[in-house]
Visitor: 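This is the structure I have questions about; it appears just below.
Convention: sequence-line order gives letters A, B, ...; per-chain numbering from 1.
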Amino acid sequence: MEYNFREIEDKWQRYWRENKSYKSEIVSGKKKYYVLDMFPYPSGAGLHVGHPLGYIASDIVSRYKKLRGFNVLHPMGYDAFGLPAEQYAIQTGQHPKITTEQNIARYREQLDRIGFCFDWSREIRTCEPEYYKWTQWVFIKLFNSWFNCATKKAESIDELIAVFSTKGFNCSEPQYLTGDIEKAVAPFSSDEWNAKSEMEKSDILLNFRLAYLSNAMVNWCPALGTVLANDEVKDGVSERGGFPVEKKIMKQWSLRITAYADRLLTDLDELDWPDSVKEAQRNWIGKSEGTSIRFEVIPNEESNDQADQNSIYNAASPDTKELKDHRYSDPKSYSHLKKFSRENKLNPTEAEEVLWEALRRTSLGFKFRRQYPISKYIPDFVCLDPKLVIEVDGGIHMEFSQRENDANKNAELNFYGFEVLRFKNEEILDDIENVLIVISNRLNELKNNSPSPLERGLGGEASTLESRDFSSESTEQNSSDFKNDSSHKVQASPQPSPAERELVGDSNPRISQSLSDFKNDSSHSNPPSPLERGLGGEASTLGNRETLYIEVFTTRPDTVFGVSFVALAPEHDLVNIITSAEYRSAVQEYVEASSKKSERERQTEVKKVSGQFTGAYVAHPFTGAKIPVWIGEYVLVGYGTGAVMAVPGHDQRDYLFAKHFNLPIQEVVSGGDLAQEAYVAKEGVLVNSDFLNGLDVKAAVKKAIGEIEKRGIGKGQVNYRLRDAAFGRQRYWGEPIPIFYEDGIPKTISETDLPLVLPEIDKFQPTESGEPPLARAADWKYKGKFNYETTTMPGWAGSSWYFLRYMDSNNEKEFVSKEAVNYWQQVDFYLGGAEHATGHLLYVRFWTKFLYDLNLIPCKEPAKKLINQGMIQGVSAFVYRINGSNKFVSEGLKNQYETTALHVDISIAPNHILDTEKFKLWREDFKNAEFILEGDQYKCGAEVEKMSKSKYNVVNPDDIIEEYGADTLRLYEMFLGPLEQSKPWSTQGISGVHNFLRRAWRLFQIENGACKLSDETPSAAELKVLHKTIKKVEEDVERFSFNTTISAFMICLNELSDLKCNKRQILEPFTILLSPYAPHFAEELWSLLGHKESITKASFPIWKEEYLVENEFEYPISINGKVKFKINLSLQLSKEEVEKNVMSSEELGKFMQGTPKKIIVVPGRIVNIVV
RNA sequence: GCCCGGGUGGUGGAAUUGGUAGACACGCAGGACUUAAAAUCCUGUGGCCUUACAGCUGUACGGGUUCGACUCCCGUCCCGGGUACCA
């Protein structure tokens, strides 16, 4: 009876389905093994032969582990939310749910035909409410958690709120030590916290939540109408569709994956994952350890004078006015300050209005500006010359803590050289004339006696700085005046958005920090401050200038003496402030030009050196040398501080920049040839570097950091390249974010109201006003009145935890039961494409760690072992149309004509010979095609490309199954080569594995529905063949080397055939060995062998050493490393005996004479004779 | 540019720890069976030189370590993947 694969495969697929053969359940006490494939997105094109490659491998592992007695979990499902279905919906109006279901049905049909042992009772679809209910649930958990930097784990936001209301918040405490929070949230006391409005609290908490809303720079893809995460953008275009992507600031939900950067990095070490994936994640996280260094800007006489005149006394152009507007403001927050300043101007308090009018009508001889940013503050009224600030204090200043803040603010303003006068509302409203007199007197005093900033801020008036410790003169003086009050302007003004408001905290920790550093520095004369060292002699000429700093981040503090310029990103806020008059127009031009460039342009122009001198200089922190400040596009505003100290001698980009603009290149680390290129290596001895001379790089880095910290001009710092993940999509076909807005405050819906089901809408486009499609759902409101968030989650949301849901996929009460997750733990073997290295695989690790922190699951990593299967590429076929005609020329003759290559469907060009008649019928416009043949054939061109519908090179597994059967397909895909390797699909060779099955079938001698096998005891030779194979198959599957396993089967079959083996005791175990690879085939034989139970219930055979022992070995005898002949010798012989036997052999004489120099004997391996 | 892989017959690939390079399969050639074909089975198959035996050569290229190197080290070239002015 012949091998009839169609009949067999139908029969067993039905049997498995009817008997639920692959249903898995928790069996306590039984060891488990969890095999997971990355679940597919069900695309309209269906499966091609590339898809099953990984599924077949994991199916083999599952079946093998079952035979080895493991309780195997091997589920499958669909990553069913996604863009293609939605794009199709936009075009046709067809609901994406319908498209998705059709595609799933098709996928399922194709998968079933390949004979996988998936437990379909656990199927999940991310787009179904029963599933995404729990995705939303995790989101709520993220929203309600923050990352404690002291314990390094996520904790409940409620606990944080409790801390705030009892102890307040101060960013210097270890649990808050992340750069973002330090920058974004000002310290506050518990009383202040309790006094804050709901909105203020909400805004502050958003800075802590792991899922948060903020104004963030996003990748906006206009063509797709949505934002994308960083990993969804490749080369400046969207990964799906290849549409251009631009940077844009948008209010946006994000997940704080950066909080986990360090854990995601360190835990990689313990994962059995491909090095390439681990390395890709390391690079993506991009940890770099270095130090910040502050460079003091040397005031530019000429430019500042001119600027002063321009803006204060003359009709200033808008540009210079703009410049003047923020010459004292904190550069990083200027744009936010400006907005807030504008808003305050539009909404003055009554007292402010009165004072402003009074100042304007009275000619005091001094010019005042309103709501003028200085550092991170916006004082109410500012006179720039002399420097005086007038503050109108509202009721909020009654609070003790606010007085502290006022003290900080005073100190800060003093630092910039401003005197501060404070008035209460009543003072102004009751007696404005008196107020004006006080102001006028003070101004005149200041005008006549203006001390230098050195004297004021640093030297003589140390007490002013001490006032930072909450006891300044002005504070005391004012505090006694505080009584009742009308509302303060901050409260009176309309609520700005969170991002705007978060900067308006009345104190700025960062500057406070640097100030105290500075104070320490200068109040002790040793070591000398940069000012004293570098600029001491010029102190008198400094006049009443403010001091500005450029902060840079560097990983090479050792090279600090090699700095020859400082480079700012074009978007850096200091650019406008420090640029001298002379260079202003050139700088503006440069900045504008670079801002107009798209992300794409900037990326393609990489390595083109461009830059512009600003005319400004900074002082070297150690030598005091004058260092020019440049702007360069190669400096990125989003990384580090947006400024670099350029060391051309030891950084490639700085080197190119310096060469291009003819800037000095100073060697500070010996070992390279700087005339040729930058010496970037982190080894060598420091030279030209003062106190670092003679040290090696490692020691110099250490010493430099120490010195920098000692002088308070910077501190050790760690930067990550990883950014928080954009989580909202302006799209319909995704999980609704379970958030509603009450009075503008985002709140999560109650867990008991989950799932928040995707509402039905009439159209899937964005609304006319540009809102996401969900805004079309008119009556879609929480509790009938609150608006829901209208963005949806990104494609990777559902896949970030699906491995957990499979453990307990039908649970309506929990996302996964404790029992299930404690039993199945984590994935033991995970198989999928390498393209997910920095996307899915990072997100799923992040979510896993988060759920672990919340004690919801027992493992902190999703998968122990990961393998990436290679891609199976397609071989495309091309025809060559002669330009401007309907003539097609064969591949070999195409060079004689001007042609255009067109893809042609590989089904009408078998073996790349075009079927010209089918080609004419293929598409309407080829109906009248003419051909120029080679010989009597039309030969198509061939090229290996990604298998894709649009390239007409897709091979459907159904066709292969139709012709050869599923078992042949399974064996063949495994036989193609190593699993991880990519390779083009070719059916050359498929007959080899198909033949193997047919020959194996014959070995079983089937007649009349039974195997006619002998029950005799097998021979030693037969046993040896069998046990050798068991051993090999076992070893190979354990190391996922499936191609060599197939060849082991073939060798086994060849040898058994040679032995004419028909012994049941040999062929039964052989059948079991084969069953994971060719399950239908093995089931049928198993049943024909008389077994009533499925072969999946069998046990994997155990190989026995005793059958494998060899008595003899044919030693290859080599002379000078070249094998000359072979001798059979007993393996029992010792080294010496082997040597004796070889030396006395007849054959040796043929190859050598005399005595050998040396004889190497490796027992059981080889003998080498050196002559 | 940087990081990670890889380069072996006509083809896919094997060689697991430095120990017989090319397993297994495809293809090709020859043969058997057959009226013939298909199917099946047998033999051969890296290159060069030879009737043959043998010999020489050979794992991208050039060096090195070693009794012995596809395997380890140094340099060069090429291919694939990741990443990109990340300081």
Visitor: Applying the Watson-Crick and G-U wobble criteria at under 3.5 Å, what pairs with B:rU83? Answer none if nothing qualifies.
Guide: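 Pairing partner, where one exists within any strand: B:rG1.
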Visitor: Could you check whether A:Asp654 gets within reach of a base, just the sugar-phosphate, or nothing at all, counting any heavy atom under 4.0 Å?
Guide: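 No contact.
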Visitor: Can you check the A:Tyr964 OH to B:rC26 P distance for me, whole Å?
Guide: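 About 12 Å, once rounded to whole Å.
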Visitor: Can you find a side chain N or O atom of A:Arg653 that sits less than 4.0 Å from OP1 or OP2 on B:rC86?
Guide: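 So the side-chain polar atoms of A:Arg653 do come within 4.0 Å of the phosphate oxygens OP1 or OP2 of B:rC86, strictly under.
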Visitor: Are the charged groups of A:Lys1140 and A:Glu1136 less than 4.0 angstrom apart, N to O?
Guide: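 Judged by the 4.0 Å cut-off on N to carboxylate O distance, A:Lys1140 and A:Glu1136 do not form a salt bridge.
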Visitor: Examine the base of B:rU20 for any acceptor or donor lying under 3.5 Å from a partner atom in the side chain of A:Lys1124, and report the outcome as yes or no.
Guide: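 Donor-acceptor pair under 3.5 Å: no.
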Visitor: With both distances under 3.5 angstrom, what nucleotide forms a Watson-Crick or G-U wobble pair with B:rA29?
Guide: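 With both distances under 3.5 Å, B:rA29 matches B:rU43.
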Visitor: Can you see whether A:Glu945 engages A:Ser876 through a side-chain donor-acceptor pair at a distance of less than 3.5 angstrom?
Guide: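 A:Glu945 vs A:Ser876: donor-acceptor pair found between side chains.
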Visitor: Once rounded to the nearest 0.5 Å, what's the spacing between atom CG of A:Leu1074 and atom CZ of A:Phe1049?
Guide: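 Those atoms lie 5.0 Å apart.
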Visitor: Mind telling me whether A:His994 and A:Tyr3 have parallel, tilted or perpendicular rings, with 30° and 60° as the class edges?
Guide: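 Judged by the thresholds at 30° and 60°, the geometry between A:Tyr3 and A:His994 is tilted.
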Visitor: Over how many whole Å does the gap from A:Arg282 atom CZ to B:rU83 atom C1' extend?
Guide: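 Result: 15 Å.
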Visitor: Looking at B:rA14, B:rA84, B:rC67, which one has an atom nearest to any side-chain atom of A:Asn1168?
Guide: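 When the side chain of A:Asn1168 is considered, B:rC67 is the closest of B:rA14, B:rA84, B:rC67.
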Visitor: Taking the P atom in each of B:rA38 and B:rC33, what is the distance between them to the nearest angstrom?
Guide: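 Each nucleotide's P atom is 15 Å from the other's.
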Visitor: Side chain of A:Phe975 only, please: which of B:rG12, B:rU16, B:rA87 is the nearest?
Guide: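 The answer is B:rG12.
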Visitor: So what's B:rC48 paired with, Watson-Crick or G-U wobble, going by both distances under 3.5 Å?
Guide: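 By the stated definition (distances under 3.5 Å), B:rG55 pairs with B:rC48.
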Visitor: Between A:Pro1116 and A:Ser1041, which residue's closest nucleotide on RNA chain B lies nearer the 5′ terminus?
Guide: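 Closest to the 5' end, via its nearest nucleotide, is A:Ser1041.
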Visitor: In whole angstrom, what separates A:Leu997's CG from B:rA25's C1'?
Guide: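 Taking CG of A:Leu997 and C1' of B:rA25, I get 13 Å after rounding.
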Visitor: So what does A:Asn995 touch, heavy atoms closer than 4.0 Å: a base, only the sugar-phosphate, or nothing?
Guide: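 Since only primed, P, OP1 and OP2 atoms lie under 4.0 Å of A:Asn995, the category is sugar-phosphate.
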Visitor: Can you tell me which nucleotide in B:rC41, B:rU16, B:rU20 comes closest to the side chain of A:Asp1036?
Guide: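 Of the options given, the side chain of A:Asp1036 lies nearest B:rU16.
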Visitor: Only pairs with both distances under 3.5 Å count, Watson-Crick or wobble alike; so what is the partner of B:rA14 in this structure?
Guide: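 Base-paired to nothing in any strand shown.
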Visitor: So what does A:Val1170 touch, heavy atoms closer than 4.0 Å: a base, only the sugar-phosphate, or nothing?
Guide: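 Counting heavy atoms under 4.0 Å across all strands, the contact made by A:Val1170 is with sugar-phosphate only.
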Visitor: For atom P, what is the distance between B:rG22 and B:rA60, given to the nearest Å?
Guide: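 One P to the other, the span is 16 Å.
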Visitor: If you find the nucleotide of RNA chain B closest to A:Ser276 and the one closest to A:Ala1048, which residue's nucleotide is nearer the 5' end?
Guide: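 Taking each residue's closest nucleotide, the earlier one in sequence belongs to A:Ser276.
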Visitor: Do A:His650 and A:Thr559 have side-chain N/O donor and acceptor atoms under 3.5 Å apart?
Guide: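 No pair is found: no donor N or O on one side chain lies under 3.5 Å from an acceptor on the other.
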Visitor: Rounded to whole Å, please give me the gap between CZ in A:Phe657 and P in B:rG1.
Guide: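 It is 22 Å, rounded to the nearest whole Å.
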Visitor: A:Arg1002 side chain: which of B:rG12, B:rC41, B:rG27 is closest?
Guide: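 The nucleotide sitting nearest to the side chain is B:rC41.
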Visitor: Give the nucleotide from the list B:rU83, B:rG82, B:rC85 with an atom nearest to the side chain of A:Ala280.
Guide: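 The closest nucleotide is B:rG82.
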Visitor: Using Watson-Crick or G-U wobble geometry with both distances under 3.5 Å, which nucleotide pairs with B:rA37?
Guide: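 Matched B:rA37 with nothing under the 3.5 Å cut-off.
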Visitor: For the C1' atoms, the ones on B:rG7 and on B:rC70, what distance do you get once it is rounded to whole angstrom?
Guide: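 Taking atom C1' in both B:rG7 and B:rC70, they lie 11 Å apart.
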Visitor: Out of B:rA23, B:rA87, B:rA25, which has the shortest distance to the side chain of A:Met1050?
Guide: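 The closest nucleotide is B:rA25.
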Visitor: Which nucleotide in the list B:rC24, B:rC26, B:rA14 gets nearest to the side chain of A:Thr1044?
Guide: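 Comparing B:rC24, B:rC26, B:rA14 against the side chain of A:Thr1044, the answer is B:rA14.
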Visitor: Base, sugar-phosphate or nothing for A:Pro978? Non-hydrogen atoms, less than 4.0 Å.
Guide: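 Here A:Pro978 touches the backbone only, sparing every base.
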Visitor: May I ask you to say what A:Glu980 touches in the nucleic acid, namely base, sugar-phosphate or nothing, with a heavy-atom cut-off under 4.0 Å?
Guide: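 Result for A:Glu980 = nothing.
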Visitor: Provide the distance between the two P atoms, one in B:rA87 and one in B:rG81, to the nearest whole Å.
Guide: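 Their P atoms lie roughly 25 Å apart.
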Visitor: Could you check how far CD of A:Glu1035 sits from P of B:rA14, rounded to whole Å?
Guide: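 About 16 Å, once rounded to whole Å.
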Visitor: P atom, B:rG6 versus B:rG58: distance in rounded Å?
Guide: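 Their P atoms lie roughly 24 Å apart.
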Visitor: Within the structure shown, what part of the strands sits under 4.0 Å from A:Lys1032 by heavy-atom distance: base, sugar-phosphate, or nothing?
Guide: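 Result for A:Lys1032 = base.
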Visitor: Any side-chain N or O of A:Asn868 below 4.0 angstrom from OP1/OP2 of B:rG81?
Guide: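 Answer no for this pair, as no side-chain N or O of A:Asn868 is under 4.0 Å from OP1 or OP2.
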Visitor: Can you tell me how far P of B:rG82 sits from CZ of A:Arg721, to the nearest Å?
Guide: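 Spelled out: CZ on A:Arg721 to P on B:rG82 is 14 Å.
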Visitor: Please determine, for the side chain of A:Arg998, which listed nucleotide (B:rG19, B:rA39, B:rA25) has the closest atom?
Guide: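 Given the options B:rG19, B:rA39, B:rA25, the side chain of A:Arg998 is closest to B:rA39.
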Visitor: Using atom C1' in both nucleotides, what's the gap between B:rA36 and B:rU45 to the nearest angstrom?
Guide: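 The answer is 28 Å between these two C1' atoms.
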Visitor: Nearest to the side chain of A:Val1123 - B:rC85, B:rU20, B:rA39?
Guide: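 Of the options given, the side chain of A:Val1123 lies nearest B:rU20.
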Visitor: Over all strands shown, is A:Arg1165 touching base, sugar-phosphate only, or nothing at heavy-atom distances under 4.0 angstrom?
Guide: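 Sugar-phosphate contact only - A:Arg1165 comes under 4.0 Å of backbone atoms but never of a base.
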Visitor: At under 4.0 Å between heavy atoms, what does A:Arg723 touch on the DNA or RNA strands: base, sugar-phosphate, or nothing?
Guide: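 Nothing, no nucleic acid heavy atom in range.
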Visitor: What contact category does A:Ile1051 fall into here, base, sugar-phosphate, or nothing, at under 4.0 angstrom with non-hydrogen atoms?
Guide: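 Sugar-phosphate, no base atom in range.
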Visitor: Without decimals, in angstroms, what is the distance between A:Lys983 NZ and B:rG13 P?
Guide: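 Roughly 7 Å, once rounded to whole Å.
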Visitor: Tell me whether the side-chain N/O atoms of A:Gln981 come closer than 4.0 Å to OP1 or OP2 in B:rG13.
Guide: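 Affirmative; the distance criterion is met.
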Visitor: Between B:rC56 and B:rG1, how far apart are the two C1' atoms, rounded to whole Å?
Guide: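 That atom pair is separated by 45 Å.
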Visitor: What heavy-atom pair brings A:Met645 and A:Asp654 nearest, and what distance separates the two atoms?
Guide: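 Here A:Met645 and A:Asp654 meet closest at O-OD2, 3.9 Å.
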Visitor: Which is true for A:Tyr1115 with a 4.0 Å heavy-atom rule: it touches a base, it touches only sugar-phosphate, or it touches nothing?
Guide: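 Since no nucleic acid heavy atom lies under 4.0 Å of A:Tyr1115, the category is nothing.
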Visitor: Within 45 degrees of the ring normal and closer than 6.0 Å to the centroid, is that where the cationic atom of A:Lys278 sits relative to A:Trp273?
Guide: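 No, cation not above the ring by the 6.0 Å, 45° rule.
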Visitor: If only side-chain N and O atoms of A:Asn1043 are considered, is one of them under 4.0 Å from the OP1 or OP2 phosphate oxygen of B:rA14?
Guide: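 Affirmative; the distance criterion is met.
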Visitor: Starting at atom CD of A:Glu279, determine the distance to atom C1' of B:rG82, rounded to an integer number of angstrom.
Guide: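 Answer to the nearest Å: 10 Å.
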Visitor: What form does the base of B:rG9 take, syn (within 90° of 0) or anti?
Guide: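 Because its glycosidic torsion lies within 90° of 0, B:rG9 adopts the syn conformation.
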Visitor: Give none if B:rC72 has no partner; otherwise give the nucleotide forming a Watson-Crick or G-U wobble pair with it, both distances under 3.5 Å.
Guide: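 The base-pairing partner of B:rC72, which may sit in any strand shown, is B:rG64.
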Visitor: Under 3.5 Å, is there a donor-acceptor pair between the side chain of A:Arg970 and the main chain of A:Tyr1077?
Guide: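 It does hold such a pair.
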Visitor: Using the six-membered ring of A:Tyr634, assess whether NZ or CZ of A:Arg653 lies under 6.0 Å from its centre and within 45 degrees of the ring axis.
Guide: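 No, A:Arg653 does not lie over the aromatic ring of A:Tyr634.
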Visitor: Is it true that A:Lys287 and A:Asp262 have a side-chain N and a carboxylate O under 4.0 angstrom from each other?
Guide: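 A salt bridge is present here (some side-chain N lies under 4.0 Å from a carboxylate O).
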Visitor: It should be established whether A:Ser288 places a side-chain nitrogen or oxygen under 4.0 Å from OP1 or OP2 of nucleotide B:rA87.
Guide: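 Yes, A:Ser288 has a side-chain N/O under 4.0 Å of OP1/OP2 on B:rA87.
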Visitor: Could you tell me how far B:rU8 sits from B:rG13 if I compare only their C1' atoms? Round to whole Å.
Guide: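 Their C1' atoms lie roughly 9 Å apart.
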Visitor: Ignoring the backbone of A:Val1162, work out which of B:rG19, B:rA25, B:rA84 is nearest its side chain.
Guide: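 That would be B:rG19.
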Visitor: Across all strands, who's sitting opposite B:rC77 as a Watson-Crick or G-U wobble pair, both distances under 3.5 Å?
Guide: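 B:rG7 is the nucleotide pairing with B:rC77.
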